[in-house]
Amino acid sequence: MSQFELLQTEERARRGRFSTVHGVVETPAFMNVATAGAIKGGVSAFDLADLKCQVQLCNTYHLHIRPGDEVIRALGGLHTFTGWKGPILTDSGGFQVFSLAKLRKITEQGVEFRSHVDGKRIFMGPEESMAIQSNLGSTIAMAFDECVENPATYDYVAKSVARTTRWLTRCKAAMEELNSRTGAINPQQLLFGINQGSTYHDLRVAHMEEIAAFDLDGYAIGGLAVGETAKEMYEVLDVVTPHMPVDKPRYLMGVGTPHNIIEAVHRGVDLFDCVMPSRNARHAHLFTWDGIINLQNAKYQLDDGPIDSHCDCPTCSRYSRAYIRHLFRAGEMLAMRLAVMHNLYFYNTLMERIRQALVEGKFAEFRKQYSVRVGTRI
RNA sequence: GGGAGUGUUCCCGAGCGGCCAAAGGGGGCAGACUGUAAAUCUGUUGUCUGACGACUACGGUGGUUCGAAUCCACCCGCUCCCA
């Protein structure tokens, strides 16, 4: 069974401890995204241990298509398969309802996708998503939802949210049934519900209250950072978080920049995930405590210092900006690996420093010092 | 020695009288990226100017023409074939 312990608060910001069968997560925490079972850029589950990673995130849709969730189940589940022994959260495939918009069709029963690999038709609804996630044996399964692109009409969002709620009922029933089956990879698989409602405050609040009644293991806020302004996103957080259960972890899905994360912690969020540190690292866009740098810029050609002089990650302790820049320009894979490791270490350290600031009652000060600074191009 | 080609902006390479500061690659310079169809995508890349525009450019020199990277002559360089 899971247990979320709220250890401390500072204004709306929270520090907590989430205990799962695969280990404890100190929150606020950033979950490292390994969509297809690996962090893109050549970073393995074993590297993650050196990067202060607490939770790995994998994707239902991608792993269902390749290699197939039945294959992973036969091999003992994601923990055995990837080598990551800590908590794993699997996204439900709901985000692909959004990102594969041109390749799908939504009905009450679920969503018909066209595989991005070979074009094959794939049907996924709440039951299918839960069954796949059960086969993957993740620690935390996410409810199957529809992530609506912003802006969206009130009418469409209202209908979509109502459907997402009905899907949640089916997700919960399916999860309970799957957990009770003998032979389940993780019979204690947790389920998080997902709040939707676009930028409509009344829909957000109403939906949050509805899903809170399901008494799930955690609650996520989805459908943000998908087209709306940062200001609108923060307003949704301001409006929704007061309606989220205090004794359950709160997860802001897919967000975001270091600045977004600090601002969301300030508004009471505990968990995050985002492809930004890994994707941007692969494009030489690196985060430092002084701001953001693009390591491909000519000005770093002769820079023999580390990416970040305040960083003690495996990359910064060994390699110069000039060398990594060269690796990028030469198309060497090592460039991506070193850059991704740095950015993930930065994100995980950011969370560690946020937690430490909360311990010391200095989060407000931390926010003031870093919230804007870490998002500035230098 | 004879014959046939060829020389284009940083590189490769299109162009065959005006719509050419010159396609397309590459390279360079910069930007984007938020539950990853993303080792991807976008912009830009002669000089000057805020812009209109002006100027300098297609091996060299001279010519034909209202107008030449494009046609002609000679020169220079490179390639291939025959002796």
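We name chains A, B, ... by the order of the sequence lines, and we start the count at 1 in each one.
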In numerical order, the residues of residues 218-226 of chain A whose heavy atoms come under 4.0 Å of RNA chain B are A:Gly223, A:Ala225
When both distances are under 3.5 Å in a Watson-Crick or G-U wobble arrangement, the nucleotide paired with B:A4 is B:U79
> Distance only, no hydrogens: is a donor on one side chain within 3.5 Å (strictly under) of an acceptor on the other, for A:Asp312 and A:Tyr345?
Replying inline: yes
Kindly say whether A:Ser138 contributes a backbone atom to a donor-acceptor pair with the side chain of A:Gln133 at under 3.5 angstrom? no
Connected to A:Val226, directly or through other members, by ILVMFWY side-chain contacts below 4.5 Å are A:Phe95, A:Phe98
Can a donor-acceptor pair be found, under 3.5 Å and without considering hydrogens, that links the side chain of A:Asn150 to the backbone of A:Gly227?
no
Examine B:C29: is either OP1 or OP2 under 4.0 Å from a nitrogen or oxygen in the side chain of A:Arg325? Give yes or no. yes
- [ ] Assign A:Arg337 to base, sugar-phosphate, or nothing according to its heavy-atom contacts below 4.0 angstrom with the strands shown.
- [x] nothing
Residues in residues 202-212 of chain A with a heavy atom under 4.0 Å of RNA chain B, by number, are none
Note: with side-chain heavy atoms under 4.5 Å as the link, the other cluster members for A:Val205 come out as A:Val239
Practice task
Could you tell me whether a side-chain N or O of A:Thr139 sits under 3.5 Å from a main-chain N or O of A:Ile88, the two making a donor and an acceptor?
Solution key: yes
Within residues 244-266 of chain A, those residues having any heavy atom closer than 4.0 Å to RNA chain B are A:Met253, A:Gly254, A:Val255, A:Gly256, A:Thr257, A:Asn260
Does the side chain of A:Arg377 get closer than 4.0 angstrom to OP1 or OP2 of B:A30 through an N or O atom?
no
Hits for side-chain contact (heavy atoms from CB on, under 4.5 Å) against A:Gln109, two or more places apart or cross-chain, chain-then-number order -> A:Thr107, A:Phe123, A:Glu127, A:Arg170
Please tell me if A:Asn294 has a side-chain N or O lying less than 4.0 Å from either OP1 or OP2 of B:A30. no
Those residues at least two apart in sequence (or on a different chain) that pass side-chain contact (heavy atoms from CB on, under 4.5 Å) with A:Glu365 are A:Lys362
Going 5' to 3' through nucleotides 38-47 of chain B and flagging B where a protein heavy-atom sits under 4.0 Å of the base, S where only the sugar-phosphate is that close, and - otherwise, we get BBB-------
Ordered by number, residues from residues 295-302 of chain A within less than 4.0 Å of RNA chain B (heavy atoms) are A:Gln296, A:Asn297, A:Ala298
Determine whether the side chains of A:Gln196 and A:Asp145 contain a donor N or O and an acceptor N or O closer than 3.5 Å.
yes
With sequence neighbours left out, the residues meeting side-chain contact (heavy atoms from CB on, under 4.5 Å) with A:Asn135 are A:Asp69, A:Glu70, A:Arg73
Hits for ring pair (Phe, Tyr, Trp, His ring centres under 6.0 Å) against A:Trp84, two or more places apart or cross-chain, chain-then-number order -> none
- Message: Looking at B:U36, I'd like to know if its phosphate oxygens (OP1 or OP2) sit under 4.0 Å from a side-chain N or O belonging to A:Ser278.
- Response: no
*Please state whether the base of B:G35 and the side chain of A:Gln133 form at least one donor-acceptor pair under 3.5 Å?*
no
Residues passing the side-chain contact (heavy atoms from CB on, under 4.5 Å) test with A:Leu75, sequence neighbours excluded, are A:Val71, A:Phe81
Does the side chain of A:Asn59 get closer than 4.0 angstrom to OP1 or OP2 of B:U36 through an N or O atom?
yes
As its Watson-Crick or G-U partner within any shown strand, both distances under 3.5 Å, B:C71 has B:G63
